[in-house]
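Structure first, commentary second.
No hydrogens, no waters, no symmetry mates; every other heavy atom, side chains included, goes into these values. Just so we're on the same page: letters track the sequence lines, and every chain starts at 1. Note that the structure is predicted; figures quoted are calculated from it, not measured.
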There are 2 protein chains.
Amino acid sequence: MVLKKNVERQIGVALWRQIADRIRLSISNGDYDQTGMVPPEIKLAGQFGVNRHTVRSALAALAEEGLVEAIQGRGTMVRRKERLSFPISRRTRLSQGLSNQVRDIRSRLLAHEELPATAESATALGLNLGEKLIRMDTTSSADGRPVSYSTSYFPAARFPDMARHFEELGSITKSFAAQGLADYVRVSTEIVARHADANELATLKLSAGAIVLETIAVNADPDGVPVQYSRSRFAADRVTLKMET
Amino acid sequence: MVLKKNVERQIGVALWRQIADRIRLSISNGDYDQTGMVPPEIKLAGQFGVNRHTVRSALAALAEEGLVEAIQGRGTMVRRKERLSFPISRRTRLSQGLSNQVRDIRSRLLAHEELPATAESATALGLNLGEKLIRMDTTSSADGRPVSYSTSYFPAARFPDMARHFEELGSITKSFAAQGLADYVRVSTEIVARHADANELATLKLSAGAIVLETIAVNADPDGVPVQYSRSRFAADRVTLKMET
DNA sequence: CCGAAATGTCTATTAATGTAGACAACCATA
DNA sequence: TATGGTTGTCTACATTAATAGACATTTCGG
């Protein structure tokens, strides 16, 4: 029996995109590892119950991402199947967690400003409404591929030079250390998923229409005093969040 | 300055769906808490740079979900803004974690079968390839709204009557207890996000085209022997995964 | 070297999505 | 009760997504 892989119509998500999502998942599941090839277009069209051209659109999108490569006369090869596994634990550190999966991790400061705490950020950081915060927008790339896009808030009174240090050191951990905080721990992490907005698409260099995983996290010093509140967006098709408990 | 909330065209995700996603996020962010109303259609159309009819499609989808309600002459009210926060920790228990957020949690067995372990499930459970497993498909509802759809694998040798117990007790924890396992812990959790397939849409009663958060988890007994490998799908617009570390 | 099987390209048509504008219906309030 | 602001409905049209079919091109194995 050939199982029917249903896709839905008239739902505001184009068929080719649904199919691209499913093939991408199959690739990362290792479904095609035996041959290293994606099934032929006609076969896929049959499985999904769509026209061959629709499958071709999906494959074109995956080729654009660099995930597959079509070769006329032979078929469509899988070029890349890894997702980065991003560990989340009590001692979550971006660079440490990815260091054994990629050669090179680079973080960049996109923007920063000083601003008064809003209700949301004040609550998270245990501050009073209106106290000064430093906001930093940063992005991280692994081997040249953007993986995360974060907006972080720090209490300005305690870490006045966060942005300057980060710009120099390229690391939150090191910037904390440079200001006298040797260690910190992850207190809580919330995770949501949604479609990326245009800003996220551009920053993460996503093939548009993609999904982002967003983590909303609070870090605290060893005494439990919050030092960072951040919202990080990850390209959902490039990472897995992995929690070790 | 009115900020321009960009949406993208020709990306395989209809504009109305992108806009619905964004409004849903704004609702859960509390952006409309002051008035309890979504901005007027014409204003939204301006912000997103689309036609009013496109915004109406987005609002219709949100109304269908029961998130908002339009009242002719007055505007569009926010009806519901809560997301369920689903805690993930070393002692993750579905019912316990949600018990203070909803009145009623109900789990149901959709299907079960005995089958030999595949490479994937054998590795996760520390078994040999081909050893007997029990697979159970279950779904959970909170106050009548489906929140999760899980496929779990258990070693058949150790828990031969998993399905029968679950059917009766409606709880994995209780089913384990009935078979002599009083306690278990979460060993690892991986999280990915993607578009829901037709099966997930139906089971979770999602407004189609929605996004699911999938957790791939392993539970083990107190001695560290794996007892359960499961893949759970959550409606991304109805839950937040929250990790306490 | 032929033929099967695969991808590449083209044309034509239909279905779904989005735009544009007009106006009706309804609500709050001055 | 008149008015401005809002949602509801309708028609017409433009653009994008998907289907259908034909045929070219390339690869590989017998």
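Looking at heavy-atom distances under 4.0 Å, A/Thr76 makes contact with sugar-phosphate atoms alone, never a base.
Remark: B/Phe166 engages no residue in a ring-ring contact (aromatic ring centres under 6.0 Å, His included) (not counting sequence neighbours). When the side-chain contact (heavy atoms from CB on, under 4.5 Å) test is applied to A/Ala14, the partners found at least two apart in sequence or on another chain are A/Trp16. Judged as a salt bridge (Lys or Arg N to Asp or Glu O under 4.0 Å), and not counting sequence neighbours, the contacts of A/Arg79 are A/Glu69. Looking at residues two or more places apart in sequence or on another chain, you find no ring-ring contact (aromatic ring centres under 6.0 Å, His included) involving A/Tyr149. Taking the salt bridge (Lys or Arg N to Asp or Glu O under 4.0 Å) definition, one finds that B/Arg231 meets it with B/Glu120, B/Glu214, sequence neighbours left out.
Within the structure, a side-chain polar atom (N or O) of B/Thr54 is placed less than 4.0 Å from OP1 or OP2 of C/dT19.
At whole-Å resolution of the value, CZ in B/Arg56 and P in C/dT19 are 15 Å apart. Following rounding to the nearest Å, A/Ile42 (CD1) and D/dC23 (C1') show an atom-to-atom distance of 13 Å. Between B/Phe48 atom CZ and C/dG18 atom C1' the separation is 16 Å, expressed in whole Å. The distance from atom CE of A/Met77 to atom C1' of C/dA6 is 14 Å, rounded to the nearest whole Å. Between A/Leu44 atom CG and C/dA5 atom P the separation is 17 Å, expressed in whole Å. Look at CZ on B/Arg17: it is 14 Å from C1' on C/dA16, rounded to the nearest Å. Between the CD atom of B/Glu41 and the P atom of C/dC27 there is a distance of 16 Å, rounded to whole Å. Distance A/Glu69 CD to C/dA6 P: 18 Å, rounded to the nearest Å.
Ranking D/dA18, C/dG18, D/dG8 by closeness to the A/Leu15 side chain, first place goes to D/dA18.
Heavy atoms from other residues, nucleotides or ligands lying under 6.0 Å from CD of B/Glu114 number more than 12.
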Could you run down the sub-3.5 Å N/O contacts of the protein with nucleotides 24-28 of chain D?
residue	atom	partner	partner atom	Å
D/dT25	O2	A/Gln72	NE2	2.6
D/dC28	OP1	A/Arg74	NH1	3.1

Could you list the protein-to-nucleotides 20-22 of chain C atom pairs, N/O on both sides, closer than 3.5 Å?
residue	atom	partner	partner atom	Å
C/dA20	N6	B/His53	NE2	3.1
C/dG21	O6	B/His53	NE2	2.4

Sequence neighbours excluded and cut-off under 3.5 Å, please list the side-chain donor-acceptor pairs for residues 124-132 of chain B, or say none.
residue	atom	partner	partner atom	Å
B/Glu131	OE2	B/Asn128	N	2.9

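Within the structure, salt bridge (Lys or Arg N to Asp or Glu O under 4.0 Å) contacts touching residues 121-130 of chain A (residues at least two apart or in different chains) do not occur.
Checking A/Ser107 against A/Ser140 by side-chain atom types alone, a donor-acceptor pair falls below 3.5 Å.
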